[in-house]
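Proteins come first, then strands; the chains are lettered A, B, ... in the order of their sequence lines, and each starts at number 1.
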Amino acid sequence: MENEKDVLGSVGGAESQERKADFIRQMVADDLKTGRWNGAVCTRFPPEPNGYLHIGHAKSINLNYGIAAEFGGRFNLRFDDTNPEKEEQEYVDSIIADVRWLGADWEDRLFYGSDYFQQMYEWAVELIRKGKAYVCDLNADETREYRGTLTRPGKDSPYRNRSVEENLDLFEQMRKGEFPDGSRTLRAKIDMAHPNLNMRDPIMYRIVHEHHHRQGDQWCIYPMYDWAHGFEDSIEGITHSICTLEFENHRPLYDWFIDAVNEGRTDDGSGPWGRKIHHPQQIEFARLNLTYTVMSKRKLLRLVKENYVKGWDDPRMPTVSGMRRRGYSPSAIRNFCKRIGVNKFNSTVEMALLEHCLREDLNKTSARVMAVLRPLKVVIDNYPADQVEELEAVNNPEDPSAGTRRVPFSRELYIEQEDFMEEPPKKFFRLAPGREVRLRYAYFVTCTSAVKDAQGNVVELHCTYDPATRGGDAPDGRKVKATLHWVSASRACRAEVRLYDNLFTKENPDDVEEGQDFTAHLNPNSLETLRDCFVEPSLTRAKALDRLQFERLGYFCVDPDSKPDALVFNRTVGLRDAWARIQKTQTE
RNA sequence: UGGGGAAUAGUGUAACGGCAGCACAACUGACUCUGGAUCAGUUAGUCUAGGUUCGAAUCCUAGUUCCCCAGCCA
C-alpha cells in the first residue's frame, strides 16, 4: 500500500490500489474522504428488461460492480421496469443470467423498481398536497404544443392551477382506472419557460391499461423514468447513481423530485411530512461504441426481428449472450472494460482492442487441439498402412499443468489446403514439392508428388517421412521452416465449423448515404459454414461452450448445437496471422 | 438560433501549474515444434488564436468542432 496518497483508513487502500482512477472513482474516493455518505458506497445496475444486454451494458456493470467491490460497498441489481408495454419476463431472465455470467455479484439484492410503485404513488400524492403536482387533461399532441421548442418557451397548461382537492380526487380516479389511456397525466408544476425542456412541467404518471410482467393488473398508471428512478435509488440507499451521458439533462429533474419530497421534511422526522429521504448523486459517463458493430437496443432488435442474425445470442451479435456463444470468456470482457476507461466524451473503441483482450485471455487458458478446416489428403508412402501411433502432444504450452494428450498418427492424414503450394512464392515456408516440413508432434515429412483432378486442382499429396524425427525433432539437428497441424484421416472426427467475421463492413455502420440505414453495411460474409472439417478424436468429449485453440488457426468453442456425433464449433477469433499480412502486402 | 456536456498520437486513455506517459493498432528485428505466444525497438499527440506565469495539456479570454435535449420510452 503506497503512502504518498495517505487518506482515511481502508478508503486509502482502495484508492491507492487503483493506480489511475477514473473521474467517477475519484469522486467516490473524495466522498469517502469527506464523509459525505458516512462511509457508504452503494451502486446499482438498473436495466430495463426490454432487450438483451450487450457489451456496452457490460461496461456499466463492470463500473458499478467494480466500484462497490473496490471500495468495500454494495452493488444492487435492479430492474427499472416502469413501462409494461415494452418489458417481458424473458428479458428479466436473460439479464440475470448475463450479469451473473459476467461475474458481478449482487448477493441477495435483486430488486424491481415496480415493487416500489405504492411508495412512489404516496410521494406523488404528497407533491399534490404540497401544490407541486397537478392532473393535466391535455392529450399527447397538445402537451407537445404547450411544451414549446428548444428556442421558444412553453406555455402553462390550462389545468395547471386546479385545486389540491380536485387534483387529489382526479389522481385517485386515474389510479382506479376510471379514465382511458392517454386521457390524463400527473405533472410536476415547475416552469414552462425553463431552458431545460425536461423541467417544463414533466409528466410523472401516464395511464396505461396494460398487464405488467411482475405487478400483473394492480396498476393502470405507471411512473415515468424521471419520477421513478431517483426514488428507486433513494429507497435502496444508492450513493452514486451512475448513468450514461444522455441523462445529464435529467439530473436537475432527478434532484428536483427528491428535493420536492424533502421539502418540509426534517432530519429527525418531526413535523407533518416526516423524515427526509436519501438523496443520491447522479453521475454520467459516456456509452461504449465499438467499430464494426452497432450498440443500440433498437438496432439490435431490428437485426433479430428482420432475421439478419439468428437471434439475440447469434455469435455475431455484440450481446453478452452472443459473445458467450461466440466463445468469449467473462474475464476477457472484464479486462476489456478495465482498459477502455471511463470518460465524459463519446469515443469509439476499436474492435482490435476487444480481440486483443480476448486472445490474451484465451492464449493463457485454452487447450490446444488439432483441427483441419479445409482438408487436403496426404499419404505417407513409406509409413505402414496398418499402423497407428499415439503421439504425445502438449495441451497448453502457456500452462504446463494442463499436461499432455495422445494424438493418433497414421499413413493417411489431412492437412490444411492452404499449407501446400505447388509453386511457392517467396516467404512461403510451408509444404511444396520436394520440401520438408514438420508435422506437429509427429515427424518431418517431404512432399514427393501432388495428385490433381481433371480441373488441375491438387487433391492429394504423397510424402515420405523420416522415422528418426519421431516426436518432431531431427537427431542430426537439421531444421525445417514450417510446422503444420494435421489429423489422422482414419481416426479424425468430422465436424461443422462456423467462421464469423464482423457483422458490418464499415467501422461506423451508421455512416450511410442519404436514404440508407445501417443495414446497408451488413457484411454478407459475416458467417461462413464449413461442413467437411476434421478434428482430432479427443474432441468428442468436449462440452458445449468449451473453449479451445485449434493450433495455427484460432480460438474456437463448442456451439450448444453440437452433439457427440455431429460436432459444431464456432470460431471465436483467429490467431494473429503474420503470413496473411505478408500475402496482403505482396498483392498490393 | 435556447439549455446542458466535451475536445491529448490512427484508436482508447494518463497527467490535477513542473520531463506529454501507457495500451491497442501499424512497422523493424530476435526467438520459436503454432508464421501463435514471448522479447527488443521504431513511427506517431495536447482543437485554434491570444493572455497570465520562470514554467500551461492543465489557469483566463475569444473562437472552432462534436455530442445530448422538443416520448404520455428508458
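Each of A/Leu150 and A/Ala580 has a nearest nucleotide on RNA chain B; the 5'-most of these lies closest to A/Leu150.
Aromatic stacking of A/Trp579 on B/G35: satisfied, with centres closer than 5.5 Å and planes within an angle under 30 degrees. Applying the 5.5 angstrom centroid cut-off and the 30 degree plane-angle cut-off, the aromatic ring of A/Phe429 is stacked upon the base of B/G35.
In summary, A/Asp233 and A/Arg44 engage in a salt bridge, as defined by a charged side-chain N under 4.0 Å from a carboxylate O. In summary, A/Asp511 and A/Lys506 engage in a salt bridge, as defined by a charged side-chain N under 4.0 Å from a carboxylate O.
Between A/Tyr222 and A/His212, the ring-plane angle classifies as parallel under the 30° and 60° cut-offs. Aromatic ring orientation, A/Phe556 versus A/Phe550: parallel (interplanar angle below 30°, classes split at 30° and 60°). Taking the six-membered ring where the residue is Trp, A/Tyr112 and A/Phe79 present parallel rings, their angle staying beneath 30° rather than reaching 60°. Classified by interplanar angle (parallel below 30°, tilted 30° to 60°, perpendicular above 60°), the ring pair A/His250/A/Tyr225 is perpendicular. Ring planes of A/Trp227 and A/Phe231: perpendicular class, angle over 60° (limits at 30 and 60°).
The side chain of A/Gln26 has B/C16 as its nearest neighbour among B/C16, B/U34, B/A37. Comparing atom distances between the A/Asn83 side chain and each of B/G12, B/G2, B/C73 picks out B/C73 as nearest. Comparing B/A23, B/C67, B/G71 against the side chain of A/Arg144 picks out B/G71 as the nearest. Listed nucleotides B/C24, B/A74, B/A7 differ in distance to A/Ala352; the shortest reach to its side chain belongs to B/C24. In the set B/C67, B/G3, B/G2, B/G3 carries the atom at the smallest distance from any side-chain atom of A/Asn196. For A/Asn343, taking side-chain heavy atoms from C-beta onward, the closest of the listed nucleotides B/G35, B/C72, B/U13 is B/U13. For A/Lys86, counting side-chain heavy atoms from C-beta on, the closest listed nucleotide (B/G2, B/C73, B/C72) is B/C73.
For B/G2, the paired base is B/C69 (Watson-Crick or G-U wobble, both distances below 3.5 Å). Remark: B/A23 base-pairs with B/U11. Criterion, Watson-Crick or G-U wobble with two distances under 3.5 Å. Nucleotide B/A74: unpaired (no Watson-Crick or G-U wobble partner with both distances less than 3.5 Å). Under the Watson-Crick or G-U wobble criterion, with both distances below 3.5 Å, B/C39 is paired with B/G29.
A/Glu248 comes within 4.0 angstrom of the backbone, heavy atoms only, and of no base. Residue A/Thr82 is classed as a sugar-phosphate contact, given heavy-atom separations below 4.0 Å to backbone atoms only. Residue A/Gly341 is out of contact with every strand shown, counting any heavy-atom pair closer than 4.0 Å. Residue-level contact check: A/Ile340 touches the backbone only, with heavy atoms under 4.0 Å from sugar-phosphate atoms and none from bases. Across all strands shown, A/Asp473 has heavy atoms under 4.0 Å from base atoms, whether or not it also approaches the sugar-phosphate. When heavy atoms are screened at a 4.0 angstrom cut-off, A/Tyr555 is found touching no nucleic acid atom at all. A/Lys427 comes within contact range of at least one nucleobase, with a heavy-atom separation under 4.0 Å. Within 4.0 Å of A/Pro397, counting heavy atoms only, lies at least one base atom of the nucleic acid. Within the 4.0 angstrom heavy-atom criterion, base atoms lie near A/Ile582. At the heavy-atom level, A/Arg368 lies under 4.0 Å from base atoms of the strands shown. Counting any heavy atom pair closer than 4.0 Å across all strands shown, A/Arg440 reaches a base atom. Note on A/Pro84: nothing from the nucleic acid sits closer than 4.0 angstrom, heavy atoms only. A/Glu350 comes within 4.0 angstrom of a base, heavy atoms only. Within 4.0 Å (heavy atoms only), A/Leu353 reaches sugar-phosphate atoms of the nucleic acid but no base atom.
Summarising the local packing, CZ of A/Arg287 is surrounded by 12 or fewer heavy atoms from other residues, nucleotides or ligands at distances under 6.0 Å.
Checked by distance alone, A/Glu398 brings a side-chain donor or acceptor within 3.5 Å of a matching partner on the base of B/G36. With hydrogens and angles ignored, no donor-acceptor pair under 3.5 angstrom links the side chain of A/Glu85 to the base of B/C73. Judged by distance alone, with hydrogens and angles left aside, A/Asn249 brings no side-chain donor or acceptor close enough to the base of B/G5 to form a pair under 3.5 Å.
For the OP1/OP2 pair of B/A74 and a distance below 4.0 Å, the side-chain nitrogens and oxygens of A/Arg206 include at least one atom meeting the criterion. For A/Arg152 and B/U1, the shortest distance from a side-chain N or O to OP1 or OP2 is not below 4.0 Å. The shortest distance between the side-chain N/O atoms of A/Thr348 and the OP1/OP2 oxygens of B/G12 is not below 4.0 Å.
With both ends at atom P, the span from B/U64 to B/U1 equals 9 Å, rounded to whole Å. Comparing the P positions of B/A70 and B/C27 gives an interatomic distance of 45 Å, to the nearest angstrom. Nucleotides B/C69 and B/C54 have their P atoms positioned 46 Å apart, rounded to a whole Å. For the P atoms, the distance from B/G12 to B/A7 is 12 Å, rounded to whole Å. Using P as the reference atom, B/A15 and B/C47 are 16 Å apart when rounded to the nearest Å. Separation of the P atoms belonging to B/C39 and B/C24 is 10 Å when rounded to the nearest angstrom.
Summarising the geometry, the separation between CG on A/Asp577 and P on B/U34 is reported as 15 Å, rounded to the nearest angstrom. Between the CZ atom of A/Arg147 and the C1' atom of B/G71 there is a distance of 7 Å, rounded to whole Å.
Taking the O4'-C1'-N9-C4 or O4'-C1'-N1-C2 dihedral as appropriate, B/G45 has a value more than 90° from 0 and is therefore anti.
Annotation: cation-pi pair A/Arg175/A/Trp219 present, NZ/CZ under 6.0 Å from the ring centroid and within 45° of its normal.
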